[in-house]
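Let me begin by presenting the structure, written as structure tokens, before commenting on it.
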Amino acid sequence: MIDIVCGGQAGDEGKGKISAYLSYTGNYEYCVRVGGPNAGHTVVQNGQSYTLKNIPSGFLNPKTKLVLGAGAYTKTQWLLEEVKKTGTQDRLIIDPYAVLITDEQTAAERGAAHFMSHIGSVGTGLGQAVKDRIERREIRFAKDEPLLKEYIQEVPELLNKCLDKGGNILLEGTQGIKLSLLHGEYPFVTSRDTTASTFLGEAGLGPKSVRDVYVVFKPYITRVGPGPLEKEITDEKELEIYHTKGHEIGSVSKRLRRVGEFENRAAARAIMINNCTKIAITHLDMFPGNDRVRKEEDFSAQAKQFLADLRALSAQVYPHPKIALVSTGPDMDDTFAI
Ligand code: IMP
Ligand code: MG
């Protein structure tokens, strides 16, 4: 069966940590990543931190094979550096039609005021590569790169055979619903849809084998670029706590993230559109007094209230998901089931 991890806000909800936790505790043969290298997923284990732009966060489980689908975009050098850093040469698989963003595409995006100053693009060249693909211009696919030859395999066939034999797959999506090209806050969005159904299509999977859809939320929202934040926090002292304790600095862009209060409307849409069956909450330790607390009964009154409010909200939105996972610290081991 397939489990999917999606972002319920504007990216950076902690999908990396949740995917790493799931791959560690679940029994997945494959972890699949789709989307572009504009999305950095951070995984911390025993104090060692990895920022991944390409490799699925499930790499921490050595038994899991790692897959980039046809809807993945990367840059050859960035990918190879990450493969080396994570020691994953032996278990990486790339779809022949995953796209390699060229330096020309990166330069074109970085030179375009429309992308950079208006939309606040991360500047990896993803938007330009997607544009070129849609226009059916010449694209550099993974199958065209000799350095990646050993990793190329027919991904849809491989994954569907795994399902046929009763195996499990973890599908790690990128960004969050507020950044979706279809359902987000246009034009302050990324160049693709960022919801569960699209992640499946990008990997070459269909909807019938989905078991759980995890949607990840923080108790607040961050945005690295321009665009709506309903209740933006502007108090500098308060913001500093998010930027220091909360590490709210862009993992790829290095920009200080803007911060806003939790948005119920965005959360309800994220549950609905992703068909969320399980909610994961990260950064619960940003409520004072919850650092590394591991039992719900020991949470502070503020954290308990947040969970109660979210439970009340999700009870009203189909398919009425339960809060399944929370984290009270940056390490993968600070994540647990409630
Ligand atoms: P682009 O996808 O690089 O063009 O960026 C479009 C918008 O989405 C900008 O506001 C970016 O800051 C934002 N964005 C893109 N990827 C991420 C991400 O992984 N996390 C948070 N924001 C992102
Ligand atoms: Mg990120």
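We count ligands from 1, going down the list as the structure has it; atoms in each ligand are counted the same way.
Checking Asn38 against Gln175 by side-chain atom types alone, a donor-acceptor pair falls below 3.5 Å. The closest side-chain donor-acceptor pair between Asn168 and Glu29, if any, does not fall under 3.5 angstrom. No hydrogens or angles considered: nothing links the side chains of Lys75 and Thr124 as a donor-acceptor pair under 3.5 Å. Under the 3.5 Å distance criterion, with hydrogens and angles disregarded, no donor-acceptor pair is assigned to the side chains of Gln9 and Tyr220. Side chain to side chain, Gln105 and Thr102 meet the donor-acceptor criterion of an N or O pair below 3.5 Å.
Heavy-atom separations between Ser253 and ligand 1 are all 4.0 Å or longer. Heavy-atom separations between Arg257 and ligand 1 are all 4.0 Å or longer.
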Residues Arg33, Thr174; criterion side-chain hydrogen bond (donor to acceptor under 3.5 Å, both in side chains); working and verdict: CA-CA 8 Å; Arg33 186 169 159 163; Thr174 55; 5.9 Å; no
Verdict with supporting geometry, Glu138 and Arg133, salt bridge (Lys or Arg N to Asp or Glu O under 4.0 Å): CA-CA 8 Å; Glu138 199 176 309; Arg133 194 180 203 178; over 6 Å; no
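Asp193 places no side-chain N or O within 3.5 Å of a backbone atom of Ser180 that could act as its donor or acceptor partner. Under a 3.5 Å cut-off, the side chain of Arg269 and the backbone N or O of His183 do form a donor-acceptor pair.
Looking at ligand 1, you won't find any N or O of Ser191 less than 3.5 Å from one of its N or O atoms. Between Glu109 and ligand 1, a contact under 3.5 Å exists for no N or O pair. At a 3.5 angstrom cut-off on N or O pairs, Pro226 does not count as close to ligand 1. Polar contact check, Asp12 against ligand 1: a nitrogen or oxygen pair lies under 3.5 Å apart.
Inside a sphere of radius 2.8 Å centred on the Mg ion (ligand 2), the protein N/O/S atoms present are Asp12 OD1, Gly40 O.
Counting the atoms of ligand 1 from 1 in the order shown, those under 4.0 Å from a heavy atom of Arg255 are 12 (O). Close approach of ligand 1 to Ala10 is summarised as follows: ligand atoms under 4.0 Å from at least one heavy atom of the residue are 21 (C), 22 (N).
Closest protein heavy atom to atom 19 (O) of ligand 1: Ala39 CA, 3.0 Å. Regarding atom 6 (C) of ligand 1, its nearest protein heavy-atom neighbour is Val189 O, 3.3 Å. In terms of protein heavy-atom proximity, atom 11 (C) of ligand 1 is nearest to Gly120 O, 3.4 Å. When only non-hydrogen protein atoms are considered, atom 3 (O) of ligand 1 lies nearest to Val122 N, 2.8 Å. At the shortest separation from atom 4 (O) of ligand 1 among protein heavy atoms lies Ser121 OG, 2.7 Å. Among all protein heavy atoms, the one lying closest to atom 15 (C) of ligand 1 is Gln175 NE2, 3.6 Å. Considering only non-hydrogen protein atoms, atom 12 (O) of ligand 1 sits nearest to Val224 CG2, 2.9 Å.
The 12-atom threshold is not exceeded at OH of Tyr97, counting heavy atoms of other residues, nucleotides or ligands nearer than 6.0 Å.
Atom 14 (N) of ligand 1 has its nearest heavy-atom neighbour, among Ile119, Thr124, Leu179, Thr190, in Leu179.
In terms of the salt bridge (Lys or Arg N to Asp or Glu O under 4.0 Å) criterion, Glu82 has no residue partners (sequence neighbours excluded). Not a single salt bridge (Lys or Arg N to Asp or Glu O under 4.0 Å) links Arg91 to another residue, sequence neighbours left out.
The side chain to side chain donor-acceptor pair (under 3.5 Å) contacts involving residues 312-326 comprise nothing, where partners must be two or more places apart or lie in separate chains.
For the ring-ring contact (aromatic ring centres under 6.0 Å, His included) criterion with Phe306, the lone passing option out of Phe299, Phe287, Phe217 is Phe287.
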